[in-house]
Protein chains: 2
Amino acid sequence: MTTPRPVGADDVQLGASSGAADLAVVNSQRARSELSSRRLLESAVELIAERGYERTTLVAIGERAGYSRGLVTDRFGSKEKLLWHLLEHHFVKWTEDSLYPDLAGLPAAAALNRAIERTRDNIRLAPTRIRAVYSILFESLVLVPGVRERVALMHREHRASTAAMIAAGIANGDVPATVDPEAMADAWVATFRGVAYQWLLDPETFQIDRALREMSTLFTPMLTAGPVGGTEADPS
Amino acid sequence: MTTPRPVGADDVQLGASSGAADLAVVNSQRARSELSSRRLLESAVELIAERGYERTTLVAIGERAGYSRGLVTDRFGSKEKLLWHLLEHHFVKWTEDSLYPDLAGLPAAAALNRAIERTRDNIRLAPTRIRAVYSILFESLVLVPGVRERVALMHREHRASTAAMIAAGIANGDVPATVDPEAMADAWVATFRGVAYQWLLDPETFQIDRALREMSTLFTPMLTAGPVGGTEADPS
DNA sequence: CTTAGCTTGTCAGCTGACAAGCAAGGACCC
DNA sequence: GGGTCCTTGCTTGTCAGCTGACAAGCTAAG
């Protein structure tokens, strides 16, 4: 038995598949374990995207990755630790390291539109990963309490930072003073999650691009201090 | 063994607890079975609201209702059939028989505000039942495929009827012609679901009343053909 | 030879389903 | 009205399938 040596946050670059290197058999032990860890994570993400976390079996993860059923436990310690790894790595880290910096300094309306664009790009580029993330977010409602609390905290922070952004916009006149920052942040995050929910629920029928566009149509005027109270109804 | 005799849709009026009758021991067999069915459904709803469907055990349902573990299967046939019963009874039936008629004939903006009010009332009056329903909606993403398809269908219909309502509003001038009915319906349903999600996720912190109010603030102007493009910014 | 990577054997806990059985209700007959 | 017997409501015994965890062991790297 190998001592459970949890994969560090930066051991693995999931999604950045190094392509041909997979076959150029570098048999160094370090390389082997990195490869297998990456494959395990990929399998896990795929399976979670397909059927959620609870219905995903360690056996299934191992087999799809081309290994045995025991490797996941050996690598990550337990199934739940794997979940935490995915949660922190794919969601929290992405939000904090990639999304937030990208929005920094933008006026509120522009920032929210940028967030929409980023989401659309992500869905186009890595739909499986996004599905897996959202799957976990929704499933967290009925998982181990700890996970739900973590996700709840993420959302609290997300609402808070959105509200802060809107409040800043009010302070320097970009956003109408009639807006309630916290309430608006509630609605913003809600719409985002609801769009994701419907997409997961019914990928074939629900047109997520249209829905994201509509979000922009809906929120932009509310966050824009129009020249004189225009609904932008008549740009002709 | 008793032949599995599934409870008919109108055998049981869940929630309409007849109060004192519980103790006024009417030992008629018919009365006994109605009482036990009602109690079983109540327990199931409570437990699903607390921990979701999959983590709810037949043993737990029976025990909480004051019966044995075997009764649920005997009454409903299987755990999954119980789920279907709740789904059709609590959600579909409520929407079609109670909500839709209530909105009929109202202008779009008024109808949507009425839907918000109804939701708020429901949450105040029967929070547990509402939590259970939403729990099932979100959990359906990772349940037996059949359930998910049913829920997806419900949402398709819900979007369609919302879009139709908006389109009708455009036709008779209540709603600005710039609005895209389908896209608006997408966003509307999305916001509703996202508000519910955050409420389930974090009941203590998320202020659902505020969020519902903000939904109104957000959608009402978009669905109202203002006198002359007013954002309703200044009602003073 | 030592250690790391990975596999396989094995086990225990849980859960839903089903069948057999018990006790109380209720209809029918006298 | 009271006794008999069938029916209904409910319980308990039991089982099989699944799954995550752990330990021992094999193979190849170093």
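Numbers restart at 1 for each chain; the letters A, B, ... are given by sequence-line order, proteins then strands. Every value quoted in this text rests on a predicted model; they were computed, and no experiment measured them. Values below: all heavy atoms of this structure, side chains included; hydrogens, waters and symmetry mates excluded.
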Figure out the [atom1]/[atom2] separation between [X] and [N], and round it to whole Å.
{"X": "A/Phe76", "N": "C/dC6", "atom1": "CZ", "atom2": "P", "answer": "11 Å"}
{"X": "A/Glu63", "N": "D/dG20", "atom1": "CD", "atom2": "C1'", "answer": "15 Å"}
{"X": "A/Leu82", "N": "D/dT19", "atom1": "CG", "atom2": "P", "answer": "16 Å"}
{"X": "B/Leu40", "N": "D/dT11", "atom1": "CG", "atom2": "C1'", "answer": "13 Å"}
{"X": "B/Leu35", "N": "C/dG25", "atom1": "CG", "atom2": "P", "answer": "14 Å"}
{"X": "B/Tyr67", "N": "C/dA23", "atom1": "OH", "atom2": "P", "answer": "19 Å"}
{"X": "B/Ile61", "N": "C/dA17", "atom1": "CD1", "atom2": "C1'", "answer": "14 Å"}

Candidates [options] - which lies nearest the side chain of [X]:
{"X": "B/Ser78", "options": "C/dC6, C/dA17, D/dG9", "answer": "C/dA17"}
{"X": "A/Thr57", "options": "D/dA21, D/dT19, C/dG5", "answer": "D/dT19"}
{"X": "A/Arg32", "options": "C/dA17, C/dC6, C/dA24", "answer": "C/dC6"}
{"X": "A/Lys79", "options": "C/dA17, D/dT11, D/dA21", "answer": "D/dA21"}

Using the 3.5 Å cut-off, write out each protein N or O paired with an N or O of nucleotides 13-17 of chain D and the distance between them.
unit_1	atom_1	unit_2	atom_2	d
D/dG13	N7	B/Arg69	NH2	2.5
D/dG13	O6	B/Arg69	NH2	2.8
D/dT14	O4	B/Arg69	NH2	2.9

Salt bridge B/Arg30-B/Glu34, side-chain N to carboxylate O under 4.0 Å: yes
DNA chain D: 5'-proximal contact among A/Gly70 and A/Arg55 (nearest heavy atom): A/Arg55
Contact summary for B/Ser140 and B/Arg148, nearest pair of heavy atoms: O-CB, 3.2 Å
ring-ring contact (aromatic ring centres under 6.0 Å, His included) partner of B/Tyr197, chosen from B/Phe138, B/Tyr134, B/Phe192, B/Phe206: B/Phe138
N/O (side chain, B/Ser68) to phosphate O (OP1/OP2, D/dT12) under 4.0 Å: no
Residue-phosphate contact under 4.0 Å: B/Ser36 side-chain N/O, D/dG9 OP1/OP2: no
